[in-house]
Structure formats: C-alpha cells, structure tokens
Amino acid sequence: MATDAKRKAELEEKLRDWVGADAGSCPAPDVVNGQMIRHWCAVMGDSNPVYQDAEAAKNSIHGGIVAPPAMMNAWTMPPFVPPWDDLAAEATDGEQELHQLFEQYGYTGVVGTDHDMEIRRYLRLGDEITASKVVEAISEEKPTPLGLGYFIDVRWIFRDQNDEEVGSLLFRTMRYQPAQEAMPVSSAAVSSVPTRLPPPKGHDNAWWWEGIDRGELLIQKCSACGVLRHPPRPMCGECQSLDWEPEASAGSGTVYSFTVLHHPQVPGYEYPLVVGLIELDEGTRIVANVVGCEPGELQIGLVVEAHIEKVEGGMKLPFFRPAR
Amino acid sequence: MSTTLKDEAAIVGIGQTEFSKNSGRSELQLASEAVAAAIEDAGLRPADIDGMTTFSMDANQEIEVARAVGIGNLTYFGRVEYGGGAAIGVMLQAAMAVATGVADTVVVYRAFNERSGRRYSTGIAEGIVTADLIHWSWYLPFGLLTPASWVAMFTQRYMHEYGCKSRDLAEVAVTTRQHAVNNPNAWFYERPLTVEDHQSSRMICEPLRLFDCCQESDGGAACVVTSIERARDLPHRPAVIRGVAQAAGADQENMTSFYRPSISHRPEMDLVAKQVYAMSGLGPDDIDAAILYDAFTPIVLWQLESFGFCARGEGKDFVMDGNLGVGGRLPTNTNGGQLSEAYIHGMNGISEGVRLIRGDSCNQPEKNDHVLVTGGVGVPTSGMILGQLD
Ligand SMILES: [Zn+2]
C-alpha cells in the first residue's frame, strides 16, 4: 500500500540520521571494587583466586586483584529503577529514543540477537570506567521468521580514568513488526532461531546437495575423459563432453587454506567461524567449515576427514575435522 | 582505423562529490553532481557529451543521469560487470568508443551510498543473488559471505607460501594513510595510523585485521574521455591513455577462484599487465607512480608482483623497503587509496591518476611521465597506463 511505503520511507529517512549517532554515555556509579567482584563470582560460581585472593593475585601475572573480564559492562549498567518510580523518566538515553521511534512505526517487537565483547585489558581495583554508546549500524528492513525487522548495532566503548579504551561491546537487537498470528506459517517460520543460508539449487548443482542429504560427498566426473571437477559445471572444460557421473569421495584431504571469520556476524552462524579450503585426496578442492579443533591449532597441511551433519533448521552440510 | 588503443583517447576532466559515511541524498544526485563537475572541469558543456559508461553494479541508469545533467543525444552507452573489476573496464569502453568514432566524448561515472545504504561488507544477501545464484551455493551455507572472507582465504595461503606477515600488510595501510593525512578530501585527513594501531586492530577474517580492509563510503566520481585532437584544445593537461585492458583468467570465479593449481597469484592481473605493457611499449621501469586497487592490503602486494615491480612473493620486501611512499621507487595510492581516502569502487583512483599526470596531487612525486591505474582484484579485472601528451 502506498501509505505503508511512504511511512517506511519516512522511518528510513529518520533512521539514516541515527547511524553514527552518539547514544549517550554513562559513568560507572562505583569504582572497580572487591565487593561487586565477590558477588559476581558467587553468582557465576567462579573461584579463580586472581579475582578475590590478594596474595594469590599478587603472585599471578596480573600482580594484583583483577575483575573478571566478562564483568566489563556490569560496572556501567544503569541502576535498576522500578518503572513505577518517578526516577524512571530520568533514566532515558539516546538509544531509548531510537527504540521509541521504531515503536511509533509499528515495529513493536524487540529481541537481542548478538552480544560480542572485546577486552583490551583486565580491570584493576580502583579503575573508574565510563561507557559511551554509538549507533554503529542499522540494517535495511529484512524478512525474518519473527516478522519484518531492522537490526540495530549499538557499540558500547568502555574507557578508564585515563580515557584509554579498555574494551567494547557490540549489542545487536532487532526491532520487528510481529507477524500476524492468523497468517499461515510453515513449521520452519515458527522457529525463532535464525539458520544458515541454504544453498540456492538449480539443474547444475541440486544433484550434489541431494548426495549430501543421503550422506554422500560427491565429485562430478567426466564420463568421456575421466576428469574430476568441483564445483560442478554442465560441460567438461577439457573435452567438451556433456556426459558426467557422480563419484563418491573418500572424504579425506588436507587443509589448503582457511580463514577464521569474526566480523560481520550473520545470524544463523556461530563465530568465530572456521572456513577451510580443503584439497580432497581425489584432487579437487571444496570449501566447508572445519570443526573439532581450536582456531589456533588449525594450519595449512593439516590432514582432515569429512562427515555430514544436520544443522539448525534441518539442512545437511559437509564438515571437516582433524583426522584421527 | 588504428589497430590498438594506444594514444587514441585522453582523460580531460575529473569530478567528484565529497566522500562521507552518510551523503544524505540520492545516488542519482551523487552521480549527477560528479558527472556535472567532471564536464565543467573538462571545460565542456553537458551537450558536448555523447557517450556514457558505468559499472553494472551502479544503480543510476545512463539516461537518468543524462536527463538530470542535461546531456542530450547519446550514441554510446554500455556497462561493465564484476564489481570493482570494472574500474578500468569502463575506461576501455570509453577509449574504444572514442577511437572508433562511435562517440566523440564519453563520461564515465560511479556513485553510491555504499555506507549509509546497502553495504557490501555485510555480505551476499538473498535477493542480491541473481544470475550467479548457483556459484554462491558453494559458499553461503558455510558462511563465506563477504569480500573480506574471500580475500582472507587467498591471503592465508599466500602468507604461508611466501612467509609474508601481518606486519608487512601493516606497512601498506600505514603508508597509504600517510598519504591521506595530506589530502583534505580523504576521510582520514590529518589522522595518521601507526603500525601498532594496525597490529592491535580487531580481527575481521583471519589473517585480515580491521585496518587491512578499505573503508565503506558514500560518494561519486566521474571523468571525461575524448580524442587526443580535442584534448589539445581543452584547459587541463590531458592524461593520455597509453595502454588499457581487461582480463579474466582461466578457471576464473567471481572472487572465489579457489580451484586453480596455485591461488597465490592472480593470472587475470598478470594478463592485464602483459596487455598494457605490450600496447604502450612500456615496462615496469617506465612507471613513475601507481594507483593500485586497494580494497584490502594484501591485494596491493599481488599487483606489485603481477606488474613486475618485484618478483613473485617479494611484494612484502618491496613494501617494507619504503617504495610506496612519495620518495620511494613507486609512490602508490597518493590520495590515500580506498583504505584511507574513500571507497568509490576504484573510480576515485582514476581521478588521482589524472591528478598525478597533471602534477597536482596532494602528494605529488617529482617524476610523472607514466602512471599505472588498476581495477579490482580477485574478480575479472582491468588496468591502464596514463601518460603525458607528447
Ligand atoms: Zn572430459
């Protein structure tokens, strides 16, 4: 409807001004202190002595008590104010204005999707932390299982008393128009968990993915000259034959190259995400995720073996792990 | 008719908008502003333009820009595929149109809201994928979705084979930034970068760190190409196109040519080098400065090797010897490049190539007889050598 499109354009016009906008700052009410660290460790069940035992901490690489890194954003969390209290009105900040804007335009749903913290250094007793917030990005409107929505990336930057950055936190939320309940939805759409992007399939590649669904890792083989090729193509580049047959790979190979992905984080994938370029013993190469080893252990030349696994959403994919 | 494009056409005007993170206006307006500025710089009027070309990824149709700017009849229009690989492909189109008489004067442009609008860094989304749908099926489910991730895969192998280190890549970022520090149009004007800043910046796709990646920018840039005869009558010193070429290599994929016997060099860029040197009759020793496509730092090393400024695998040594600075053997990306001026898909690099020939770069090297300018890396690509009017 024209009015909907107009309202959407109006909202997006306003959203543009928000990208890069300062969303307020918030000094920690308390300096980094032993009492809060003790409560945190009790709740988390963390008994690491460098957080509480002055003597042990002194002899550690830290040279004194430090705060658990995951507490970073606890120090500057605004104090809890009951919503019925008059003080609640004062607790608003820039980010809340942005959320109110989405509500005005019917994007009433809100869900947190990503939480990615980076630590520059351990905090020590007495550190005074200030958090400042920046709206780093707002996506275009995207269809999601929950409804049409926008992803909002807010970065919190934590600085100490010397204005040095000690860490940062990327918090991604999605504001969405809840899908109408009466709308018929498929079982996949009911799930609120985002899934990996499925492979687009067509005449030239669907057979390969059907092999994966059956638990087979296939390689296309030219029926005329015997050349193996991956990714598949309809014609043989060596002899121009259109005849081919699938050959099952034994699934063993070596890591030819790899990358570990950290940013951007696409919903449906777990990060850091290891993607390998695997040279199969048959001679062709294939891109797939490598699992079963720490990112630091992975190196070019590592011998790996394939297995096929079902991922969130029901799709099957090949994975590689270090050979036993 | 001549049999090559050597000395058949020249760049006589350049224009651009400001480069920003949020232009606040339409892509069509950015394109129109850049095109009008280039025509004015050439000392021409919109009605003098009879040809237009841009990237197939550009959202601004030639006729829309023509109507906005007041360009009248067009006898040539055409587009070039493959993202930033088109950067000099469009110059080949313009030079061919002028050399054959299909058009007299061609304007080349590229404009987008790449930062505030659709960002390429966020990866392939459903709906963007069209004819090459099947190609992406081999990468989407595994999360290999972004330009940084594809380049990282090549980089890891390259570093493994040649002992290149992240510190070597830092040198490219730091030198390029130093150029931007002197360029008021650069996003990083007066904001230097240290090796330490680079080495402590966050990992994006290992081994690529944040400062190995170019910016994302809003903006537009354009240039005007015409015949050498006409160029003689126009106000600026023309940048003569000495050699220009496009190339795709064997077993080429769009950014993911992972299946070649070696993935540590770029056969398509080797083929561009071979052609532009053959056409111009020049060699690496004749090139005084370069604008090398720098979406990511390692791709600069690969191009130095493709164009013969150093041997295969020695890009790191060439860079660490300080050769990319203004006083070095090959002053490179003197505008700050896409790493530090702006990411306008290589089009801002063409403008800087022209400034180098004119002698008015913010980081002008003394010798400026010949300047190399290249297109994207990892895609089917392009390059050209600009020279002085004899
Ligand atoms: Zn064959």
Side-chain angles (χ1 to χ4, degrees), chain A residues 13 16-17 19-20 118 120 137-140 142-143 168 196-206 208-209 229-233 237 256-266 268-277 284-289 295 298-301 311 315 317-319, chain B residues 20-24 113 115-119 121-127 129-130 132-146 148-161 200 202-210 213 216 250-251 253 256 258-260 263-264:
Chain A
E13 184 68 38
R16 255 193 290 281
D17 293 337
V19 177
E118 266 178 42
R120 293 280 181 97
I138 301 175
S139 73
E140 70 263 45
K142 293 186 174 176
S168 75
R196 290 170 179 247
L197 294 167
K201 287 175 199 155
H203 192 269
D204 294 332
N205 73 337
W208 191 91
W209 289 101
R229 52 185 197 256
H230 185 86
R233 290 173 289 277
Y256 187 78
S257 191
F258 67 93
T259 175
V260 184
L261 309 180
H262 297 264
H263 294 282
Q265 304 203 340
V266 179
Y269 300 82
E270 272 183 41
Y271 295 86
L273 178 64
V274 182
V275 190
L277 174 61
T284 55
R285 293 189 199 132
I286 178 175
V287 166
N289 297 118
L298 188 61
Q299 42 182 295
I300 289 175
V311 297
M315 170 170 58
L317 291 176
F319 288 86
Chain B
S20 73
K21 300 296 179 196
N22 187 351
S23 74
N113 285 323
R115 181 60 179 78
S116 64
R118 157 117 185 87
R119 297 173 66 179
S121 70
T122 55
I124 320 160
E126 291 147 299
V129 192
T130 52
D132 54 356
L133 205 65
I134 301 302
H135 163 235
W136 296 117
S137 75
W138 308 108
Y139 312 107
L140 291 175
F142 308 108
L144 205 68
L145 307 170
T146 65
S149 72
W150 307 320
V151 170
M153 192 69 92
F154 291 115
T155 305
Q156 188 86 259
R157 182 76 200 182
Y158 174 85
M159 291 171 112
H160 171 78
E161 288 186 14
S200 62
R202 62 190 164 120
M203 275 293 179
I204 301 298
C205 300
E206 291 177 28
L208 299 179
R209 295 179 174 279
L210 179 66
C213 306
E216 296 195 85
D251 213 357
E253 285 199 4
T256 51
F258 298 146
Y259 312 98
R260 293 165 163 169
I263 65 167
S264 296

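Note on naming: letters A, B, ... go to the chains in the order of the sequence lines (proteins, then strands), and numbering restarts at 1 for each one. From a predicted model like this one, the values you see are computed outputs, not experimental measurements.
- Among the candidates A/L277, A/I138, A/L317, A/I286, the residue making the largest number of heavy-atom pairs closer than 4.5 Å to chain B is A/L277.
- Ranking A/H230, A/M315, A/Q265 against chain B, the residue ahead of the rest is A/H230, based on heavy-atom pairs under 4.5 Å.
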> How far apart are the C-alpha atoms of B/L144 and A/T259, what are their side-chain angles, what is the distance that settles it, and do they pass the side-chain contact (heavy atoms from CB on, under 4.5 Å) test?
Replying inline: CA-CA 9 Å; B/L144 205 68; A/T259 175; 4.0 Å; yes
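- Contact of the B/L140 side chain with the A/P200 side chain is registered, since non-hydrogen atoms from C-beta on lie closer than 4.5 Å.
- Heavy atoms closer than 4.5 Å to chain B are found in both the backbone and the side chain of A/L261.
- Residue contact with chain A, scored on non-hydrogen atoms closer than 4.5 Å, involves the side chain of B/E161 exclusively.
- Annotation: maximal heavy-atom pairing with chain A below 4.5 Å, among B/C205, B/S200, B/P141, occurs at B/P141.
- A 4.5 Å side-chain heavy-atom check between A/R229 and B/Y259 finds every atom pair outside the cut-off.
- Checking side-chain atoms of A/D204 against main-chain N and O of B/I134 turns up no donor-acceptor pair under 3.5 Å.
- The heavy-atom pair separating A/R16 from B/N22 by the smallest distance is O-ND2, 2.9 Å.
- In the model, A/H263 has a side-chain atom that pairs as donor or acceptor with a side-chain atom of B/R202 under 3.5 Å.
- Two residues are said to be in side-chain contact when any heavy atoms from C-beta on lie closer than 4.5 Å; B/F142 and A/P199 fail this criterion.
- For a residue to count as touching a neighbouring chain, one of its non-hydrogen atoms must lie under 4.5 Å from one of that chain's; by this rule A/Y256 touches chain B with backbone and side chain alike.
- Neither the backbone nor the side chain of B/L210 comes within contact range of chain A, judged by heavy atoms closer than 4.5 Å.
- Of the atoms belonging to B/R260, it is backbone heavy atoms, and not side-chain ones, that fall under 4.5 Å from chain A.
- Neither the backbone nor the side chain of A/H203 comes within contact range of chain B, judged by heavy atoms closer than 4.5 Å.
- The backbone N or O of B/Q156 lies less than 3.5 Å from no partner atom in the side chain of A/S257, so there is not a single donor-acceptor pair.
- Of the atoms belonging to A/V287, heavy atoms from both backbone and side chain fall under 4.5 Å from chain B.
- Of all heavy-atom pairs spanning B/S137 and A/W209, the tightest one is O-CZ2, 3.4 Å.
- Here the side chains of A/P264 and B/R119 are not in contact, with every heavy-atom distance at 4.5 Å or above.
- Chain B forms the most heavy-atom pairs under 4.5 Å with one residue out of A/A206, A/G268, A/P318, and that residue is A/P318.
- Within the 3.5 Å criterion, the main-chain N or O of B/F258 finds a donor-acceptor partner in the side chain of A/R285.
- If you take NE2 on A/H262 and CD1 on B/I204, they are separated by 9.0 Å, rounding to the nearest 0.5 Å.
- Looking at B/S121, only its backbone comes within 4.5 Å of chain A, counting heavy atoms on both sides.
- B/R157 CZ to A/F258 CZ: the interatomic distance, rounded to the nearest 0.5 Å, is 11.0 Å.
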